[in-house]
Amino acid sequence: MGVHLQPFSTTIFNEMSQLAVRTGSINLGQGFPDVDGPPEVAEAAVAAIQGGQNQYPPGPGLPVLRQAVAEHQLRNYGLVHDPDTEVVITMGATEGIAGAVFGLCEPGDEVVVMEPYYDSYAATIAMAGAQRRVVTLRAPDYALDPEELAAAVTPRTRLILLNSPHNPTGRVLSREELEAVARICVERDILAVTDEVYEHLVYDGRPHIPLATLPGMAERTVTISSHGKTFSFTGWKVGWACGPADLIAAVRTAKMYLSYSGATPFQHAAAVALGLPSSYYEELAAGLAERRDILSQGLRDAGLTTFASEGTYFVTTDAASVGAIDGVEFCLGLPERVGVVAVPMSVFYDDPDAGRTLIRFAFCKRPEILAEAAARLKALRPT
Ligand code: PMP
Ligand code: GLN
């Protein structure tokens, strides 16, 4: 294996899901729902397969889906995109991120990411021959410090890869924080790539604000999202990137040689999903907020220091309060101790010490499963 890829040969999500299967534990590690999304969306995929929609779609994606994505951006955020030149369909957000980084960065360029960071960012930046520079979000509030952000930017910075709602912290960046990012991008002539896969998983009436809606940003931002979390079909891997035509041309070109195209029937079904009424999105967020509350209370009852989750599938804790010294060791031992799997966050930091005892739990599971997990976790409580 090439030296540049050696640090990435396993993913914590795979490792922890395998551990859950092996030990028969409740899997609150990898973020995927335990109930499928709307039946009419599944039926649309089946109908597409049975209706002969089984050959390659156009490389940039089915026109009907690009149109649906453009309408979604307009309806939700007032962002206007030409579906022919300013939208590309990708194999999940993962390929959108890779396409953006590969398409926009030269070897040696720097990419600023917030840490803890989603694992594909580090691997993708390494594959591009670029360098990552991190800005740390710190518990308990995981705020983005504009001074730290400015300090991470150098003359070699090509882009800021921003993720809000943020995995793993559950943080939703405020308008003020986004304004600080926009200011630096404009002043220093830097591009932005935003990962907004949790855009509809935002709770307590907080808004999700795409960076592209801030002044000066539409012309320098690639906005990435996907169908997986919003419609609870994480295994379908339908994603998209939107932005100005010149930036999207770069993403499209990279995408052309990563996968050429995506899966035709799922693109048909994703177009149907994006047409669901606003009540769908409201119920999704309300249901997840309830689950967040069940799990957060359970974690607190177990004696874990638990931080507020404003969005995503995740709530984070500091397990030092139940005696943990190292999060990886703690998570490896958790199935045997209590029959629950979680994800250690130290693997998402350049300096693992920054998140040594932080642990992420996923709440995208049925309430009865979360209640059972909470009951089991009580055994951790120091006496
Ligand atoms: N970005 C973040 C922050 C994620 O949590 C995920 C979820 N796995 C992805 C990207 C990948 O999304 P997709 O499955 O659409 O590739
Ligand atoms: N996004 C999911 C998570 O953070 C995992 C996706 C994956 O396994 N790569 O849990």
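Ligands are counted one by one from 1 in listed order, and the atoms in each one are counted from 1 as well. Just so it is clear, the structure is predicted and the values come from calculations on it, not from any experiment.
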Nearest 0.5 angstrom please: Asn167 CG to Tyr198 OH, how far?
4.0 Å

Rest of the hydrophobic cluster containing Ile49 (Ile/Leu/Val/Met/Phe/Trp/Tyr, side-chain heavy atoms under 4.5 Å)?
none

Ring-face cation of Arg360 near Phe314 (centre distance under 6.0 Å, axis angle within 45°):
yes

Tell me, which residues have any heavy atom less than 4.0 Å from some atom of ligand 2?
Phe13, Gln30, Gly31, Tyr118, Asn167, Tyr198, Lys229, Phe314, Arg360

Check for me whether the distance between the ring centres of Phe102 and Tyr257 falls short of 6.0 Å.
no

Cation-pi check for Tyr313 against Lys365: NZ or CZ below 6.0 Å from the six-membered ring centre and within 45 degrees of the axis, yes or no?
no

Verify whether one side chain among Glu110 and Thr154 offers a donor that lies under 3.5 Å from an acceptor in the other.
yes

Return each pair, listed once, that meets ring-ring contact (aromatic ring centres under 6.0 Å, His included) where at least one residue sits in residues 338-359; pairs must be two or more places apart or across chains.
Phe13-Phe348

Could you pull out every N or O of ligand 1 that sits under 3.5 Å from a protein N or O, with the distance for each pair?
residue, atom, partner, partner atom, Å
ligand 1, 1 (N), Asp195, OD1, 3.4
ligand 1, 1 (N), Asp195, OD2, 2.5
ligand 1, 5 (O), Asn167, ND2, 2.8
ligand 1, 5 (O), Tyr198, OH, 2.6
ligand 1, 8 (N), Tyr118, OH, 2.9
ligand 1, 8 (N), Lys229, NZ, 2.9
ligand 1, 14 (O), Lys237, NZ, 3.0
ligand 1, 15 (O), Ala93, N, 2.8
ligand 1, 15 (O), Ser226, OG, 2.7
ligand 1, 16 (O), Ala93, N, 3.1
ligand 1, 16 (O), Thr94, N, 2.9
ligand 1, 16 (O), Thr94, OG1, 2.5
ligand 1, 16 (O), Lys237, NZ, 2.7

Does the ring centre of His200 sit less than 6.0 Å away from the ring centre of His72?
yes

Considering only NZ, NE, NH1 and NH2 on the basic side and carboxylate oxygens on the acidic side, decide whether Arg220 and Asp189 come within less than 4.0 Å.
yes

